[in-house]
There are 4 protein chains.
Amino acid sequence: MPRKPDIAQQLLDSALSLFAERTYEGTQMPAVAQRAGVGVGSIYRYFPSKEALGNAAFQYAKRGLLDQLNDALVEGGPVHTVREEFGRFWLGFTRYAGSAHDAFVFLEHQQHDTFLAPESQALAVEVDRVASDFIERGQRSGEIRDGDPQQLVALAIGAFTGLVKHLRPGGIGKLSPASLKVAEDAVWDLLHRKADS
Amino acid sequence: MPRKPDIAQQLLDSALSLFAERTYEGTQMPAVAQRAGVGVGSIYRYFPSKEALGNAAFQYAKRGLLDQLNDALVEGGPVHTVREEFGRFWLGFTRYAGSAHDAFVFLEHQQHDTFLAPESQALAVEVDRVASDFIERGQRSGEIRDGDPQQLVALAIGAFTGLVKHLRPGGIGKLSPASLKVAEDAVWDLLHRKADS
Amino acid sequence: MPRKPDIAQQLLDSALSLFAERTYEGTQMPAVAQRAGVGVGSIYRYFPSKEALGNAAFQYAKRGLLDQLNDALVEGGPVHTVREEFGRFWLGFTRYAGSAHDAFVFLEHQQHDTFLAPESQALAVEVDRVASDFIERGQRSGEIRDGDPQQLVALAIGAFTGLVKHLRPGGIGKLSPASLKVAEDAVWDLLHRKADS
Amino acid sequence: MPRKPDIAQQLLDSALSLFAERTYEGTQMPAVAQRAGVGVGSIYRYFPSKEALGNAAFQYAKRGLLDQLNDALVEGGPVHTVREEFGRFWLGFTRYAGSAHDAFVFLEHQQHDTFLAPESQALAVEVDRVASDFIERGQRSGEIRDGDPQQLVALAIGAFTGLVKHLRPGGIGKLSPASLKVAEDAVWDLLHRKADS
DNA sequence: TATGAATGAGGATTCATTCAT
DNA sequence: AATGAATGAATCCTCATTCAT
């Protein structure tokens with residue numbers, strides 16, 4: 001069993017946390033190496049350049065979020081209501097932001113960033129697609145308010161991101177179940193079509 | 001008619017848009033100078049360092065947002081309902097993001113950033129304070145849902161930020177009044193306490 | 001009566017004192033202008049460049065020293081002994097270093113300096129020539145020790161320079177007549193051929 | 001056999017010779033790197049800034065001179081006369097200026113210079129102290145002329161410095177033993193109290 | 001294979017010089 | 001004629017990347 005993948009993994013984690021703290025541009029390769037506990041030179045055995053490391057970290061993080069979402073959507077068996085499905089999304093985001101706070105913050109800061117390869121950006125739309133598919137389904141069933149699905153996704157994910165960034169020091173894990181429930185309900189109401197509206 | 005005093009202003013605008021596009025760390029001084037239409041050396045006539053420019057830009061932007069909010073809260077005379085007051089906030093944010101898209105994006109990216117002086121960070125809490133005062137008032141009157149006011153502010157401003165970032169190329173000005181209304185209602189429902197809840 | 005020569009003079013004095021304090025290379029044009037009480041731009045009305053100013057200052061200082069020496073050698077009428085002639089030299093150096101401390105220090109620091117034009121360097125050998133002529137005459141009359149005249153000049157002027165630099169803050173004017181006499185005798189003994197030697 | 005630890009040394013030597021030639025302020029870091037045979041970046045691996053390099057070079061040079069003096073004073077066994085002790089000083093200075101011409105010239109140019117840290121200046125008074133102790137001893141024994149010891153030191157070291165600077169291209173090593181003897185005697189006579197004086 | 005010292009292109013900043021007022 | 005704001009080449013310094021060990 002090789003140790004190599006281990007090192008690459010540590011490098012990705014190190015990079016992700018530093019990028020979240022100080023920005024991709026503001027992070028130096030020696031700092032990444034140090035936090036990963038390896039020598040600078042070793043980074044280049046796993047990633048050909050800083051840009052490559054940045055993209056790998058981005059893709060690793062996005063894929064992690066995507067996996068977490070898929071797991072949450074599948075694991076408890078089929079969902080019966082739109083609200084229930086929203087709960088699954090919420091669970092996926094919550095778990096991911098809980099276990100990979102840095103990665104989540106990093107992801108939400110990147111958007112149009114110069115170092116992102118097309119491949120990374122392609123991956124970025126995946127989460128949006130999954131989310132807006134859900135919105136569209138909810139709109140068809142009348143339970144989610146009308147409007148551009150992408151725009152609603154932006155509002156909802158933006159709200160969640162705001163929450164996570166607000167919780168910075170402790171991370172979302174520090175939040176009491178009650179507070180988390182308040183937030184979940186609030187975001188659901190952001191999307192939910194009210195009966196008399 | 002002297003154009004000179006405008007140079008500091010042009011530099012702030014240039015810096016703001018570049019910081020929004022490429023990050024503070026990812027922006028080079030020559031790029032700031034070029035976009036401002038001046039020579040590199042001129043930057044240092046107005047700001048002693050890149051860090052000082054970053055802080056000045058941040059404070060200028062935050063103050064602009066604060067002013068816009070105050071204007072919106074005051075201008076139409078006294079408000080009579082919490083919903084109406086929320087509308088004023090929405091108007092303030094909307095106007096600011098419309099007229100200073102870059103500045104708004106820049107502000108929302110900075111949080112814990114390394115270059116921000118204490119003075120800048122002090123200004124940053126001001127907006128939060130104004131907003132959470134509103135939330136608390138709404139909670140007392142029963143129209144805004146229970147929960148940590150700061151957390152609700154984070155959710156609401158996060159949602160708005162998500163919208164603005166989603167609209168990146170065109171800016172919020174491109175949005176139809178109808179779409180804007182959908183967004184406003186959605187964010188209100190994020191905060192609003194439902195009767196039967 | 002034009003004011004111009006006045007300004008050029010102030011600029012030379014300002015430059016000389018700054019060069020003595022901080023080195024030619026370490027002195028900025030705005031500092032020269034400020035100490036002279038004029039705007040930066042005005043320097044260039046009198047001197048085409050920093051290098052030209054440096055050379056003008058050097059030549060002005062060297063010429064001042066030369067004039068002082070000539071005056072001292074001539075003014076009291078003809079000299080009758082080598083020791084008496086040495087006294088005249090001492091008087092010239094002393095007066096110059098007393099009235100133009102900065103200029104003297106500046107002169108002794110320049111030697112091989114990059115900014116000195118050939119013309120300036122030509123002027124620099126003039127003092128040496130006057131001094132070594134004196135040494136040679138003294139050697140012929142048996143009152144000054146044997147050895148390379150240039151080398152003896154270097155020793156004697158070096159000693160005087162050491163004294164002046166040592167006296168930096170107050171300048172040589174601060175020295176009591178007695179102390180000055182000690183120094184004069186010491187330097188004379190440096191040159192003087194002892195009877196039994 | 002590693003050459004690495006030598007890099008700091010090569011940098012000090014390179015810096016010293018350039019500072020002597022062109023002044024601290026007039027010397028560029030790339031020039032220091034080039035003469036030391038390393039890349040610019042390497043300088044900063046050994047010295048945090050140009051100022052630090054300047055101070056390190058100064059201290060290295062002063063310490064070298066001090067060591068040379070101590071060696072010369074000790075090595076030949078105890079001295080029996082003041083003249084003999086002077087000979088030891090002369091030997092120390094001569095050896096140092098011979099083996100480290102650039103360093104000696106550099107030292108004598110720095111005095112009150114802007115980049116010198118207090119620590120460097122503290123070291124600078126050390127040589128003066130050693131020298132004036134000698135002068136005082138000589139005065140007590142009646143062999144050195146009366147007067148402020150510091151002032152006599154300034155005259156004597158100034159004379160030696162004048163000699164060394166005069167010899168610039170070849171250095172003091174080029175001087176014939178006879179010429180060197182002339183100089184030594186001359187400087188001794190500068191200090192020596194004449195019987196009938 | 002892993003390392004970190006060495007490198008030099010690139011970024012922040014300074015400063016001699018120009019030129020509109 | 002005098003000024004000092006504006007400029008950009010030149011300077012100090014950083015940091016992604018290489019390579020000898």
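Hydrogens, waters and symmetry mates are skipped; everything else that's a heavy atom, side chains included, is used. Residue numbering restarts at 1 for every chain, and letters A, B, ... go by the order of the sequence lines.
Remark: D:D6 CG to D:L11 CG distance equals 10.5 Å, nearest 0.5 Å.
For the pair C:G37 and D:T27, both in contact range of DNA chain F, the more 5′-proximal nearest nucleotide belongs to C:G37. Both C:E51 and B:E51 lie close to DNA chain E; mapped to their nearest nucleotides by heavy-atom distance, the more 5′-ward contact belongs to B:E51. When the nearest nucleotides of DNA chain F are assigned to D:Q28 and B:V38 by heavy-atom distance, the more 5′-ward of the two goes with B:V38. Taking the nucleotide of DNA chain E with the nearest heavy atom to each of B:R45 and A:G41, the more 5' of the two is matched to A:G41.
Atom CZ of C:F47 is surrounded by more than 12 heavy atoms from other residues, nucleotides or ligands within 6.0 Å. For C:E126, the CD atom counts as densely surrounded, since its 6.0 Å shell holds more than 12 non-hydrogen atoms of other residues, nucleotides or ligands.
Taking atom CD of residue C:E25 and atom P of nucleotide F:dC12, one finds them 12 Å apart after rounding to whole Å. Here F:dT14 presents its P atom at 12 Å from CD1 of D:I43, a figure rounded to the nearest Å. One interatomic measurement links the two molecules: CG of C:L18 to C1' of E:dC15, which rounds to 15 Å at whole-angstrom precision. Nucleotide F:dA6 holds its C1' atom 12 Å from the CG atom of B:L11, rounded to whole Å. Rounded to whole Å, the distance from CZ on A:F47 to C1' on F:dT17 is 16 Å. If you take NZ of D:K50 and C1' of E:dT14, they are 12 Å apart, rounded to a whole angstrom.
The partner of F:dT21 is E:dA2, by the rule that a Watson-Crick or G-U pair needs both atom distances under 3.5 Å. For E:dG11, the paired nucleotide is F:dC12, the pair qualifying as Watson-Crick or G-U wobble because both relevant distances are below 3.5 Å.
Judged by distance alone, with hydrogens and angles left aside, the side-chain atoms of A:T23 form no donor-acceptor pair with the main-chain N or O of A:F19 at under 3.5 Å.
When distances are taken from the side chain of A:M29 to each of E:dT17, E:dT7, F:dT17, the shortest belongs to F:dT17. Looking at the side chain of B:Y44, the nearest of the listed nucleotides E:dA12, E:dT17, E:dT7 is E:dA12.
Under the 30°/60° scheme for interplanar angles, the aromatic rings of C:F115 and C:Y24 are found to lie parallel.
Between B:Y46 and F:dA5, a side-chain N or O to OP1/OP2 separation shorter than 4.0 Å is absent.
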